[in-house]
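Remarks on the structure that follows.
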Amino acid sequence: MKPMCGIVGYIGQKQAQNILLEGLRKLEYRGYDSAGIAVYNDGKLNVKKTKGPLSALQQLTDKDPLSGEMGIGHTRWATHGKPSDENSHPHMDEKQQFSIVHNGIIENYLDIKEELQEKGYTFASETDTEVIAHLLSELYDGDLVSTVQKAVKRMEGAYALAIANVMEPDKLVAVRLASPLIVGVGDGENFIASDIPAILEHTRDVYVLNDGEMAVLTQDRVELFTTDGTPVNRDMLHVTWDAATAEKDGYEHFMLKEIHEQPKAIRDTLAARLKEGVVDLSREISLTPEELKRFDKVHIVACGTAYHAGLIGKSVIESLVRIPVEVDIASEYRYRNPILTPSTLVIVISQSGETADTLAALREAKQAGARVLGITNVVGSSVAREADEVLMTWAGPEIAVASTKAYTSQLIAIYLLGLYLARVLGTQPEEQLLEVTEALPRLSEQVKSILEDHGSIRKFAEKIAQHENLFFIGRGLDYPVVLEGSLKLKEISYIHSEAYAAGELKHGTLALIEEGIPVIALATQQAVHDKMVSNIIEVKARGAHVLGLGLEGRTDLDRSVDEHITIPETLSLLTPVLSVIPLQLLAYYTSTARGINVDKPRNLAKSVTVE
Ligand code: G6P
């Protein structure tokens with residue numbers, strides 16, 4: 001798992017505080033659960049940091065500004081340790097001599113921490129980052145550069161670090177391994193940043209650090225080395241992008257960026273939970289096998305896109321764990337007087353962890369004595385704090401209102417949960433579980449291959465952009481996927497669409513099928529394939545223009561449809577992770593073809609905290 005978070009550093013002749021805060025504002029899309037800065041002045045590194053968005057930090061600095069011309073700053077997206085004042089960066093050693101900000105994870109931090117504790121060091125936070133500050137203090141030999149070189153030899157994992165100390169206040173050090181970091185070169189001032197947008201206002205000349213490299217910055221110089229001390233000659237990069245494009249890694253919109261982040265989000269959500277064909281969630285879920293055995297039903301409760309993930313969750317849990325599952329829209333659940341007992345497991349799914357309807361359902365379920373498991377993307381969110389058990393999705397911050405990477409990560413979390421419960425409860429033969437656990441890690445590459453080749457989806461999107469009505473149809477697990485595809489399209493293209501279980505069309509909706517109406521038909525489920533083809537023929541006979549989405553290697557579908565696209569083959573149970581990708585792209589390209597504000601569609605909000 002590679003967390004997000006943003007880093008900025010400044011050394012020059014101007015007041016550092018405002019440059020750091022402005023830089024962090026440009027990086028808020030990288031994380032926004034806490035923020036902090038440290039600024040050097042008169043022999044001291046003064047720190048202001050707080051839980052909450054950057055505006056909370058700004059309030060602190062407005063009241064009591066930090067003066068000084070050198071400093072570092074951070075905006076956090078929590079992984080190790082909840083969002084809190086103590087866990088916010090910068091972190092310092094006990095003597096308050098070193099101040100650091102960090103992106104990434106120090107995997108062996110507990111070993112280093114124990115060793116330092118034995119030497120008498122005490123720690124103020126739960127983070128892996130804090131150990132680096134103490135380690136630097138322990139290893140300090142009078143030279144920041146060689147001390148950092150010694151320290152990184154001890155550190156395993158991923159890091160981008162900006163480091164300041166009070167003994168050598170004319171210097172800042174940046175060092176990177178497997179987490180992005182750049183150095184901006186100005187006139188009489190130099191910068192460190194995790195991403196280019198943080199510093200674009202001040203300079204367009206940057207050095208991009210590679211893994212195992214460090215930079216030493218003074219006001220007037222930047223020197224690059226490898227972490228074993230060999231000088232590095234690097235050409236400077238002159239950035240020609242505008243700041244807005246840079247924030248989106250060069251993508252035109254956050255939604256497109258987030259769609260492309262899905263292979264990584266899937267990998268990160270699987271990482272550390274799936275090893276050698278076995279899913280182990282025992283470190284995250286405290287329920288014992290005996291307690292798990294006592295559950296006789298599951299309720300899944302969520303809103304919007306997360307609700308669609310829940311519908312797939314029903315099939316996954318019922319087929320793997322053989323426990324009955326009901327899925328509810330959170331705003332309905334509360335008022336339908338659900339039957340809740342201590343043997344009900346209630347799963348709430350929420351990207352933000354703050355959706356009011358979902359939270360109300362969570363509280364209601366807890367009060368009725370049920371056990372609640374939350375699936376959420378935000379560490380320290382209300383769902384993460386209030387649920388009895390938490391299963392994180394590691395998708396990173398999602399900025400676009402229309403959810404994409406959080407959704408596919410929710411599906412992955414559900415598969416993991418289903419597989420874990422099935423193993424602990426012994427509800428499926430080992431071989432069958434192995435088949436699924438072997439197919440799961442392949443999804444990431446398969447999603448990538450769909451993303452690499454989507455020219456025909458784009459062309460189809462341009463066609464449907466002219467329409468005001470269309471239909472999505474599917475059967476079995478394709479049905480919840482078309483519900484999600486239709487929601488995505490409605491949210492960001494403002495085109496009316498309906499998603500139907502294909503077999504249900506003939507009970508009324510078929511009356512709406514007329515010449516030329518687009519129908520998007522998913523046919524990825526082997527067990528109902530022939531039935532699905534018959535439903536496609538029904539709509540075609542009434543003049544529909546059909547885009548068929550099927551599996552690679554099934555040639556019969558393209559004979560029955562007008563346009564045909566395929567996704568790679570995987571187990572039927574796992575296809576929803578792949579089949580939703582073309583539908584996300586379809587919504588995206590239809591929205592751009594209609595000139596709509598993709599990331600912020602009208603009337604909608606990313607996090608709905610009112611009922
Ligand atoms: C809002 C968003 C949707 C999201 C839903 C649930 O309506 O616009 O994209 O699916 O809330 O959000 P949650 O954070 O609970 O997953």
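In listed order, ligands and their atoms are each counted from 1.
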Would you check if the side chain of Thr355 reaches a backbone N or O of Asp357 as a donor-acceptor pair within less than 3.5 Å? no
Looking at Leu373, Leu417, Leu345, which hits side-chain contact (heavy atoms from CB on, under 4.5 Å) with Val298? Leu345
Closest to atom 16 (O) of ligand 1 among protein heavy atoms sits Gln351 N, 2.6 Å
Verdict with supporting geometry, Tyr407 and His308, ring-ring contact (aromatic ring centres under 6.0 Å, His included): CA-CA 8 Å; Tyr407 171 74; His308 294 151; 7.4 Å; no
Nearest non-hydrogen protein atom, atom 8 (O) of ligand 1: Ala605 O, 2.9 Å
Parallel, tilted or perpendicular: which describes the rings of His253 and Tyr588, with under 30° parallel and over 60° perpendicular? perpendicular
Report the part of Thr305 in contact with ligand 1, treating N, CA, C, O as backbone and CB onward as side chain, heavy atoms under 4.0 Å; options are side chain, backbone, both, neither. both
protein heavy-atom neighbour closest to atom 11 (O) of ligand 1 works out as Lys606 O, 4.1 Å
Residue, atom and distance of the protein heavy atom nearest atom 7 (O) of ligand 1 read Val608 CG2, 3.8 Å
How far is atom 9 (O) of ligand 1 from its nearest protein heavy atom, and which residue and atom is that? Val401 O, 3.2 Å
Taking atom 6 (C) of ligand 1 as the reference point, the nearest protein heavy atom with its distance: Cys303 O, 3.4 Å
Considering only the protein, which heavy-atom contact is closest to atom 12 (O) of ligand 1, and what is its distance? Thr355 OG1, 3.4 Å
Salt bridge Glu468-Arg594, side-chain N to carboxylate O under 4.0 Å: yes
With atoms numbered from 1 as shown, which atoms in ligand 1 lie under 4.0 angstrom from a non-hydrogen atom of Ser352? 13 (P), 14 (O), 15 (O)
Look at Lys82 together with Glu126 and state whether they make a salt bridge at an N to O cut-off of under 4.0 Å. yes
Going by distance only, is there an N or O of Ala402 that falls short of 3.5 Å from an N or O of ligand 1? no
Do Glu386 and Arg363 sit within salt-bridge range, that is, some charged N less than 4.0 Å from a carboxylate O? yes
With heavy atoms under 4.0 Å as the rule, classify the contact between Glu491 and ligand 1 as side chain, backbone, both or neither. side chain
Is Arg371 positioned over the aromatic face of Phe295, cation under 6.0 angstrom from the ring centre and no more than 45 degrees off axis? no
